[in-house]
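First the structure, in the form of C-alpha cells, and then the observations on it.
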Amino acid sequence: MRTMARRWARTVTAIGGSAILAVATATAAGAATARNGVCETGEFCLYWGFGLSGSVSDFSGSISNYGASQPGCYEFKGPGAGQGECVKNNAISAWNRTSGNQITVYYNSGYGGISDTFLPDEHGDMIEAMRNQNASHKFA
C-alpha cells in the first residue's frame, strides 16, 4: 500500500508588518548524484521488484523514453535482482524522493497511455496495469 505524501508547509512569520517566508534550500554538498544506483533525496527512483526491492534506477528529471535495449537504455544500477537490466517494462515499484514534484510514470514512451502518479515523498508498488509496463516518466 502506498503511503500518503507528506505535505510540506511554508512557515510565514510576520515581523514589523512584513512577511518573511522561510524556505529550505539544498546545498551543493547535499545534492543528489543522479544515475549512481542510490535513491537519494531529490530524486525519483524506479525499483525492479515489489516494495522497493531489487535493483534501483535513480533519476533527477523527466525521461521520455527509457530505451528498450543495451547499449542505449536506462538501466537498473543499484545492487540486487535486476541490476544491469533495462528499466523499460521492468519496473514494479517507485519512490518519489522529491519535495515539490509530482511524478507520473507512463505506459508508453513520449508520456502517453495509462499512467500512475507519485506525489512528493510517496512510494510503493505501481498500479497493476503499470507493473513491468512502463516506458517514460515526467516531473510535473
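Note that these values count all heavy atoms, side chains included, but never hydrogens, waters or copies made by symmetry. Quantities reported herein were computed from a predicted structural model and do not represent experimental measurements.
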**Message:** Just to verify, what does N96 make a side-chain hydrogen bond (donor to acceptor under 3.5 Å, both in side chains) with, not counting sequence neighbours?
**Reply:** T98
**Complete:** In this structure, OG1 of T104 is separated from CE of M130 (nearest 0.5 Å) by 9.0 Å
**Request:** Check whether any side-chain heavy atom of I92 lies under 4.5 Å from a side-chain heavy atom of N132, and answer yes or no.
**Result:** yes
**Prompt:** Taking all non-hydrogen atoms of both residues, which atom of T41 and which atom of R97 are closest, and how far apart?
**Reply:** OG1-NH2, 3.1 Å
Show which side-chain atoms of residues 43-50 pair as donor or acceptor with protein atoms under 3.5 Å away, not counting sequence neighbours.
residue	atom	partner	partner atom	Å
E43	OE1	E40	N	2.9
E43	OE2	A34	N	3.4
W48	NE1	E85	OE1	3.3

**Prompt:** Do the side chains of H123 and L52 get nearer than 4.5 Å, heavy atoms only?
**Reply:** yes
**Request:** List the atom of F118, the atom of G124, and the distance in Å for their closest heavy-atom pair.
**Result:** CE2-O, 3.8 Å
**Prompt:** Counting only heavy atoms not in Y111, do more than 12 sit closer than 6.0 Å to its OH atom?
**Reply:** yes
**Item:** Sequence neighbours excluded, every pair satisfying disulfide (SG to SG under 2.5 Å) that has a member inside residues 92-140
**Value:** none
**Prompt:** What pair of heavy atoms forms the shortest contact from V38 to V56, and how long is it?
**Reply:** N-CG1, 4.2 Å
**Prompt:** Please, which pairs that meet disulfide (SG to SG under 2.5 Å) have at least one residue in residues 58-124, sequence neighbours excluded?
**Reply:** C73-C86
**Message:** With heavy-atom distances below 4.5 Å as the criterion, would you say the side chains of K138 and Y106 are in contact?
**Reply:** yes
**Prompt:** Under 4.5 Å between any side-chain heavy atoms of N36 and D58, yes or no?
**Reply:** yes
**Message:** I'd like to check the side chain to side chain contact (heavy atoms under 4.5 Å, CB included) partners of E128; sequence neighbours left out, ordered by chain and number.
**Reply:** R131
**Request:** Scan residues 100-140 for pairs that pass disulfide (SG to SG under 2.5 Å), counting only residues two or more places apart or in two chains.
**Result:** none
**Request:** Compare all side-chain heavy atoms of Q83 with those of K77 and state whether any distance is below 4.5 angstrom.
**Result:** no
**Asked** Can you name the closest pair of heavy atoms from P120 and N101 and give their distance?
**Response** CG-O, 3.5 Å
**Item:** For Y107, all residues meeting ring pair (Phe, Tyr, Trp, His ring centres under 6.0 Å), sequence neighbours excluded
**Value:** none
Determine all donor-acceptor pairs shorter than 3.5 Å in which one atom belongs to a side chain in residues 62-69; sequence neighbours excluded.
residue	atom	partner	partner atom	Å
S62	OG	F139	N	2.8
N65	OD1	G67	N	2.8
N65	OD1	S109	OG	3.2
Y66	OH	S136	O	3.4
Y66	OH	H137	ND1	2.8

**Complete:** Shortest non-hydrogen pair, D125 vs G51, comes out as OD1-N, 2.7 Å
**Separation between CG of D116 and CD1 of I103, rounded to the nearest 0.5 Å** = 12.0 Å
**Item:** All side chain to side chain contact (heavy atoms under 4.5 Å, CB included) counterparts of S57, not counting sequence neighbours
**Value:** R35, F59, F76, V87
**Message:** Does I114 form a side-chain contact (heavy atoms from CB on, under 4.5 Å) with I127? I'd like the steps, not just the answer.
**Reply:** CA-CA 10 Å; I114 299 167; I127 60 172; 4.2 Å; yes
